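Heavy-atom basis, side chains included; hydrogens, waters and symmetry copies ignored. So that the names make sense, note that chain A is the first sequence line, chain B the second, and so on, each numbered from 1. Only a predicted model underlies this, so the values are computations on that prediction, with no experimental measurement involved.
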Number of protein chains: 2
Amino acid sequence: MKQHQIIIVDDHVLFSQALKGLIDDFEEFSIQAVLGNGKELITWFEENTKYPAVILMDINMPIMDGIEATKWLNDHHPDVKVLALSMDDHETTIISMLRAGAKGYLLKDIHPKILRQGINDVIEKGIYYTERVTNSILNTYKPDNGASAVLLKPRELEFLKLACTDKTYKEIASDMCLSPKTIDGYREALFAKLEVRNRIGLVLYGIKEKLVVL
Amino acid sequence: MKQHQIIIVDDHVLFSQALKGLIDDFEEFSIQAVLGNGKELITWFEENTKYPAVILMDINMPIMDGIEATKWLNDHHPDVKVLALSMDDHETTIISMLRAGAKGYLLKDIHPKILRQGINDVIEKGIYYTERVTNSILNTYKPDNGASAVLLKPRELEFLKLACTDKTYKEIASDMCLSPKTIDGYREALFAKLEVRNRIGLVLYGIKEKLVVL
DNA sequence: CAAAAAAAGGGGCTTTTCCCCCTCCTCAGC
DNA sequence: GCTGAGGAGGGGGAAAAGCCCCTTTTTTTG
């Protein structure tokens, strides 16, 4: 048996199987399991007792995504290290993943050598940061407005989700059981808070920040 | 040398390298080259004379995407068969790719066995259709409005992209060097064609169908 | 060439969106 | 008990979006 066991969690079977072949060729690692989503991962952990050293975790997956799965792992098996592996290079996604407890973040367009390096670093140093990730972390602390980042209140988020719909504000008002004028207030508040000039800007923000599901 | 040569075109190096390993394990195929985008593919064809039997083509790539590359291949090397390989299962993308001349369409979440079958089918029968693709083709002929599917003209697409921006229609008009009234015409035409009732619907459509980049 | 279709532009109208400034109520905290 | 913050609601108006019906020009095509 090789030194380190690894589990791949990714819903793209072709990719995960191909990746398994690639990693099995590295003499220091071997693939312990290939799973399709977070739910399968939890089931695997409930049915097994010998845990892997590293989990290569995709982020966008059906049923249970990588962020939730990473949170679960951090709660129940904090010694198993998660290395996020995604083609999504949006800053918010990277941050969410790191906040959930991932020890590193790799993009799928990297060279296999980098992956090998990344896995080794996570095992040895407990952490692996690429330049891209470092930049994202720095960006969250940019001198923007001082105290808090753009944090929406529950009611504002609810409105934003409805604004990303083809409903008129009047319809949104009745959906939220509020007067159209109150909705008008939420609208203005969000315009200012998110620095947009019209409803399209609101929709674009909601989608970019993944606050709304399409 | 093995029977059939294959070229992989995909910007996700980790995936393409892993896939190369996978396919090299199939005894009937060998990988002739692994390229990162459509432009590299054209350059490769200009510098080589022994062409592959099949090209596994990703769709979303920087510089030159899979659709354009497939069109170029169809024009210049119609004997080389393109098998589209994407995680994008949107109907419009599938249709665009088949219209560009792809002989089949596979999703990245398939099992390696299916890939092997697909490549073999494309080589032997010249074509490979999964159920998903067949459905898409059927859907374009749904008894909707008679003639054409939802295919946007270049000018309409240009307008749609600008509509997915926080610009006003007046600003869009001057961007496209048209009168606001003409823009109004495009708007109405798109509302009808895409079955939406306001600009938000337009934005949502554009993003869902990945016609606009965020 | 003529007919048809597509592209461009317009008039006039209603609804919706956007903006600013104002009131009432409630509840937490000196 | 007063005060201030925040949620809910409102008046009024300008601008943009949406709707229908119409003309002219260019391009395509039988």
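- Listed by residue number, the members of residues 157-172 of chain A with any heavy atom below 4.0 angstrom from DNA chain C are T168(A), Y169(A), K170(A).
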Short heteroatom pairs, N/O only, protein and nucleotides 19-26 of chain C, under 3.5 Å:
| residue | atom | partner | partner atom | Å |
| --- | --- | --- | --- | --- |
| dC19(C) | N4 | D184(A) | OD2 | 2.9 |

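- Rounded to an integer number of Å, the gap from M176(A) CE to dG9(D) P is 10 Å.
- Under a 4.0 Å N-O distance rule, the pair E171(B)/R197(A) qualifies as a salt bridge.
- With respect to D24(B) and K20(B), a salt bridge is recorded, a charged nitrogen being found less than 4.0 Å from a carboxylate O.
- Cation-pi geometry between R155(A) and F159(A) is not satisfied (NZ or CZ under 6.0 Å from the ring centre, within 45° of the ring normal).
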Practice item. Could you walk me through whether M57(B) and L85(B) pass the side chain to side chain contact (heavy atoms under 4.5 Å, CB included) test, one step at a time? Key: CA-CA 5 Å; M57(B) 181 89 75; L85(B) 195 53; over 6 Å; no
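- Put simply, CG on N37(A) and CD on E68(A) are 10.5 Å apart, with the number rounded to the nearest 0.5 Å.
- Here T182(A) lies in heavy-atom contact (under 4.0 Å) with a base.
- In this structure, CD1 of I200(B) is placed 16 Å from P of dA16(D), rounded to the nearest angstrom.
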Anything under 3.5 Å between a protein N or O and an N or O of nucleotides 23-29 of chain D, put it in a table, one pair a line.
none

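- Nucleotide dG6(D) holds its C1' atom 11 Å from the NZ atom of K193(A), rounded to whole Å.
- Residues E158(B) and K161(B) are not paired through a salt bridge, judged by the lack of any N-O separation under 4.0 Å between the basic side chain and the carboxylate.
- A distance of 6.0 Å or more separates the ring centres of H76(A) and F45(A).
- A salt bridge is defined here as a Lys NZ or Arg NE, NH1 or NH2 lying under 4.0 Å from an Asp or Glu carboxylate O, and D58(A) with K108(A) meets this definition.
- Using cut-offs of 30° and 60° for the angle between ring planes, the Y51(B) and H77(B) rings count as perpendicular.
- If you measure from atom CG of L190(B) to atom P of dG18(D), you get 12 Å, rounded to the nearest angstrom.
- Note that CG of L83(B) and CD1 of I119(B) are 6.5 Å apart. Values are rounded to the nearest 0.5 Å.
- Put simply, OH on Y186(A) is 14 Å from P on dG10(D), counting in whole angstrom units.
- The side-chain tip of R116(B) does not point at the ring of F29(B) from less than 6.0 angstrom away and within 45° of straight on.
- Nucleotide dA17(D) holds its P atom 6 Å from the CZ atom of R199(B), rounded to whole Å.
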